[in-house]
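This report refers to the structure that appears directly beneath it.
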Amino acid sequence: MTQNPFDALGGGGGFDMNALLQQAQQMQSQLQEAQQRLAEATVDGTVAGGAVTVTVSGVGELVGVEIKAGQFDGSDADDLADLGDMVVAAYRDAKAQADALAGEALGPLAGGLPGGDPGGPAGGLSGLGQLGF
């Protein structure tokens, strides 16, 4: 029977808790930097040949909506209903791009975390909540 239960983790030299903590701090720093870059990034979603463009940040927050003049009749109920549908579609397009961007930026960092499945929803970000993200 082994005297030190951590011998199995670190081989003959034992378990290096300082190295593990240093690695965790480095990983947390990388995650924070990636989240900052995502918050500063923007992506556009467009529909109907650019008649409606929605801009969201890399974290999915709505930043802006642009509607080309002359594309819709503001006094026509059907046109206004179409405009609402196009805004929703453009937002979904932009949000999908933001999610893909987040998966690319954070997925490799979160892949090794508990619950961090890189192929899962949000690119393996489910484990980030456990780290306070």
Side-chain angles (χ1 to χ4, degrees):
M1 180 171 180
T2 303
Q3 295 292 329
N4 184 346
F6 295 112
D7 282 348
L9 297 174
F15 183 71
D16 188 352
M17 186 61 135
N18 287 332
L20 182 62
L21 287 174
Q22 194 172 36
Q23 186 178 6
Q25 288 172 340
Q26 183 180 20
M27 188 175 183
Q28 184 177 12
S29 175
Q30 290 173 338
L31 282 169
Q32 289 173 337
E33 289 172 12
Q35 286 181 321
Q36 182 64 33
R37 286 192 310 270
L38 282 173
E40 295 171 358
T42 59
V43 292
D44 291 335
T46 61
V47 295
V52 175
T53 301
V54 169
T55 303
V56 299
S57 71
V59 293
E61 293 178 0
L62 181 62
V63 175
V65 176
E66 182 180 322
I67 300 167
K68 277 190 179 175
Q71 300 291 316
F72 303 94
D73 180 1
S75 62
D76 183 69
D78 288 338
D79 266 13
L80 292 175
D82 289 344
L83 176 60
D85 291 343
M86 288 183 189
V87 169
V88 170
Y91 174 76
R92 287 181 179 157
D93 180 38
K95 181 72 169 77
Q97 292 181 52
D99 289 346
L101 187 64
E104 290 173 16
L106 300 175
L109 297 172
L113 295 175
D117 175 14
L125 301 179
S126 59
L128 293 179
Q130 297 172 3
L131 296 176
F133 293 103

For Gln30, does the CD atom sit with more than 12 other heavy atoms under 6.0 Å from it, leaving out its own atoms? yes

Note: Ala89 and Val47 closest approach over all heavy atoms is CB-CG1, 3.8 Å

Looking at CE of Met86 and OG1 of Thr53, how far apart are the two atoms once the value is rounded to the nearest 0.5 Å? 11.5 Å

Under 4.5 Å between side-chain heavy atoms, counting indirect links through other Ile/Leu/Val/Met/Phe/Trp/Tyr residues: same cluster for Val59 and Val63 or not? no

What I want to check is whether the side chains of Gln32 and Gln36 have a donor and an acceptor closer together than 3.5 Å. no

Please give me the minimum heavy-atom distance between Leu106 and Ala34, naming the atom from each residue. CD2-CB, 3.3 Å

Residue pair Leu83, Ile67: steps toward the side-chain contact (heavy atoms from CB on, under 4.5 Å) verdict: CA-CA 9 Å; Leu83 176 60; Ile67 300 167; 3.7 Å; yes

Would the distance check show the side chain of Gln97 and the main-chain N or O of Asp44 forming a donor-acceptor pair, the cut-off being under 3.5 Å? yes

Within this structure, what is the CG-CG distance for the pair Leu38 and Leu31, rounded to the nearest 0.5 Å? 10.5 Å

Show your reasoning for whether side-chain contact (heavy atoms from CB on, under 4.5 Å) applies to Val54 and Leu62. CA-CA 8 Å; Val54 169; Leu62 181 62; 3.4 Å; yes

Distance check, rounded to the nearest 0.5 Å: Gln25 atom CD versus Gln23 atom CD? 11.0 Å

Measure the spacing between CD of Glu61 and OG1 of Thr55 and express it to the nearest 0.5 Å. 13.5 Å

Say you draw a straight line from CZ of Phe72 to CG of Asp82; how long is it, rounded to the nearest 0.5 Å? 7.5 Å

Closest heavy-atom pair and its distance - Ala102, Gly58: CB-O, 4.3 Å

For Val56 and Val43, run side-chain contact (heavy atoms from CB on, under 4.5 Å): C-alpha distance rounded to whole Å, both residues' side-chain angles, the deciding distance at 0.1 Å, then the answer. CA-CA 6 Å; Val56 299; Val43 292; 3.5 Å; yes

Taking all atoms of both residues into account, what is the closest heavy-atom pair of Ser57 and Ala98, and its distance? O-CB, 3.6 Å

Closest non-hydrogen atom pair, Lys68 against Gln71: O-CG, 3.3 Å

